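What follows is a single structure, written as structure tokens, with notes after it.
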Amino acid sequence: MLDIKKIRNNSDKILQSLAKKDKNISLDNILRLDDSLKTLTTKLNELQADQNSKSKEVGILKSKGESAEDIFADLKILSDKIKELEKEQRELSSSLKDALLEIPNLPHSSCPQGSSEKDNVVVVEKKTNKELNFNVKNHIDIGKQLDILDFEVAAKMSGSGFPLYKGKGALLERALINFMIDYHLKNFNYTEFFTPFLVKPDSALTTGQLPKFSEDMYHIEKDDLFLIPTAEVSLTNIHKDDILSFDDLPKYYLGYSACFRREAGSYGKDTRGLLRVHQFNKVELVKFVEPEKSYDELDSLVKQATNILDLLELDYRVIELCSGDLSFAAAKCFDLEVWAPGEEKWLEVSSCSNFEDFQSRRGNIRFKNSDGNTDFIHTLNGSGLATPRIFAAFIETHQREDGSIRIPKSLQPYMEISEIK
RNA sequence: GGAGGCAUGGCAGAGCGGUUGAAUGCACUGGUCUUGAAAACCAGCAAGGGUGCAAGCCCUUCAGAGGUUCGAAUCCUCUUGCCUCCGCCA
């Protein structure tokens, strides 16, 4: 959520900046509502001040045992008027808030300009694996041949888009998750969480999934709960409505979760096998940091996620998203993509974003700064990483001519085998 | 699922329908004292909004939403959360 004061005072600049993300945004309605609300509030405050002072007089008279009947007539009129204005104020401010919740975050000035993914910038590209000089298979064929993935059986019970990992495949999936969690825990100062997978609407509002993107999530109607599309939702809401103390910052949180996404409307495009699924596993990193440091924290976040790919011996690139390709809540974002030689495609396996104070305003997450004043904190998150596409790229990259899969050194302790065959 | 209890400032914890934004303690900040620290003493210390160059002034907020009343932290209703007991259960 953007700061209404900033919108009020710099509407042209803000609109210009928003247009880099979405040209169709208008602030007219918001400015109009804000103006009405301000006028109304000023008037209401005057009446309330009058009411307060007169009520105080009543208190004094009563304590002396004197009659206050004369004042009551005045107060009755005041009271009626105030109730009327208060109702109007409630309506106005809730309309204003609803409108503000629909406005995306401003892109950071350093983001490349552009309207779509075509304008994204490759900042790092690292291909260290040798070209495979045999008949390269894709992950679906490998999965079938080694009997580690079964999409047919999964579809029988859940429909398409729900992978079933089997045998060494299930082991590999579990090993990847544990390896990634341990890596971040051992090398950086993260606190591990295992969070709820279902959350209340308010939580999804904090991180920006609601109100605009309710169609993307699974919703349990009976209990009004949403299945989390990412652990970002639960991890960020740990501090909803909190005021964190400056000495406790930065806070680095990590959590594995299953992630659930409806992916409505994405049929047919890159949906084969593990490429786009409704349920997947992800280790998520979330940071709560002071505003001055959030861009340094973004850099280190990207590095931390990237290191995993180095250790898994995968080919990858880091993409800096252009303004037009940024998500709703992000001010700046880097995507990590791995090369899948069987699919012959780059697969997005991580998204590392700085939200600045966009989420913290929505979730009312604040901190006491070094001056002792409270201010909204900056939040960041990054996948570290999402498994299904890692899994696909992993078995495609490490496949051998004889059909087996090589397990890199880093992962061997987690699997206790050096190959899947 | 059934029965009951509770919800107040960073924390703990008072609070009669009326000069209560809210006693007190802890924590925190500044000062006095001290070579320094501790202790003691003094002072300050909620958030949000409006207005003003500023000092300041005004308004709102006692889980949330409604209601009663001239006036609500205090009374009523609903919602949410937590706790205790019973039932069920991996």
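Every heavy atom of this structure was used, including side-chain atoms; hydrogens, water molecules and symmetry mates were not. Labels below follow one simple rule: chain letters A, B, ... track the order of the sequence lines, proteins then strands, and each chain is numbered from 1. These numbers were taken from a predicted model, which means no experiment stands behind them.
- For B:C59 and B:A73, the P atoms lie 14 Å apart once the distance is rounded to whole Å.
- Ionic pairing of A:Glu337 and A:Arg389 is not present here: no N-O contact between side-chain nitrogen and carboxylate oxygen is shorter than 4.0 angstrom.
- Across the C1' atoms, B:A39 and B:G4 are found 48 Å apart, a figure rounded to whole Å.
- Of the two residues contacting RNA chain B, namely A:Asp3 and A:Val58, the nearest-nucleotide position lying further toward the 5' end is that of A:Val58.
- Rounded to whole Å, the C1' atom of B:U74 lies 16 Å from the corresponding atom of B:U61.
- Side-chain N/O atoms of A:Glu396 and A:His139 include a donor and acceptor closer than 3.5 Å.
- With distances taken from any side-chain atom of A:Ile60 to the nucleotides B:G49, B:U19, B:C70, the minimum falls on B:U19.
- Note: A:Phe188 and A:His184 have tilted aromatic rings, judged against thresholds of 30 and 60 degrees for the angle between ring planes.
- B:A63 and B:C11 are spaced 13 Å apart, taking the P atom of each and rounding to whole Å.
- Between A:Tyr414 and A:Phe179, the ring-plane angle classifies as perpendicular under the 30° and 60° cut-offs.
- Taking 4.0 angstrom as the limit, A:Lys38 places a side-chain polar atom (N or O) nearer than this to OP1 or OP2 of B:U51.
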**Item:** Footprint string (nucleotides 7-12 of chain B, 5' to 3'): B base within contact, S backbone only, - free, heavy atoms under 4.0 Å
**Value:** ------
**Request:** Begin from the C-alpha positions of A:Phe328 and A:Phe213 and carry the test ring pair (Phe, Tyr, Trp, His ring centres under 6.0 Å) through to its verdict.
**Result:** CA-CA 10 Å; A:Phe328 180 75; A:Phe213 307 103; 5.4 Å; yes
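- If you check every strand for non-hydrogen atoms under 4.0 Å, A:Ser79 touches sugar and phosphate atoms only.
- Between A:Asp375 and A:Arg366, none of the side-chain N atoms (NZ, or NE/NH1/NH2) sits under 4.0 Å from a carboxylate O, so this pair counts as no salt bridge.
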Return a table of donor-acceptor pairs under 3.5 angstrom between the side chains of residues 7-20 of chain A and protein atoms on other chains or two or more places apart.
unit_1: A:Arg8; atom_1: NE; unit_2: A:Asp34; atom_2: OD2; d: 2.7
unit_1: A:Arg8; atom_1: NH2; unit_2: A:Asp34; atom_2: OD1; d: 3.0
unit_1: A:Asn9; atom_1: ND2; unit_2: A:Lys5; atom_2: O; d: 3.1

**Per-nucleotide protein contact string for nucleotides 56-69 of chain B (B base, S sugar-phosphate only, - none; heavy atom under 4.0 Å)** = --SSS-----S--B
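- Using C1' as the reference atom, B:C75 and B:G17 are 8 Å apart when rounded to the nearest Å.
- Looking at A:Asp150 and A:Tyr165, their side chains never bring a donor and an acceptor atom within 3.5 Å of each other.
- Applying the salt bridge (Lys or Arg N to Asp or Glu O under 4.0 Å) test to pairs two or more places apart or on separate chains, those with a residue in residues 278-298 of chain A are A:Lys282-A:Glu284, A:Lys287-A:Glu297, A:Glu290-A:Lys293.
- Screening residues 157-176 of chain A for salt bridge (Lys or Arg N to Asp or Glu O under 4.0 Å), with sequence neighbours left out, gives A:Asp147-A:Lys166.
- For B:G48, the OP1/OP2 oxygens have a side-chain nitrogen or oxygen of A:Thr374 closer than 4.0 Å.
- Comparing B:A38 with B:C57, their P atoms are spaced 34 Å from each other, to the whole Å.
- Nucleotides B:A3 and B:U79 are separated by 13 Å at their P atoms, to the nearest Å.
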Atom pairs, N/O to N/O, protein against nucleotides 77-79 of chain B, distance under 3.5 Å?
none

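- Taking the nucleotide of RNA chain B with the nearest heavy atom to each of A:Arg8 and A:Lys54, the more 5' of the two is matched to A:Lys54.
- Between A:Phe197 and A:Tyr256, the angle of the ring planes goes over 60°, which puts this pair in the perpendicular group of the 30/60° scheme.
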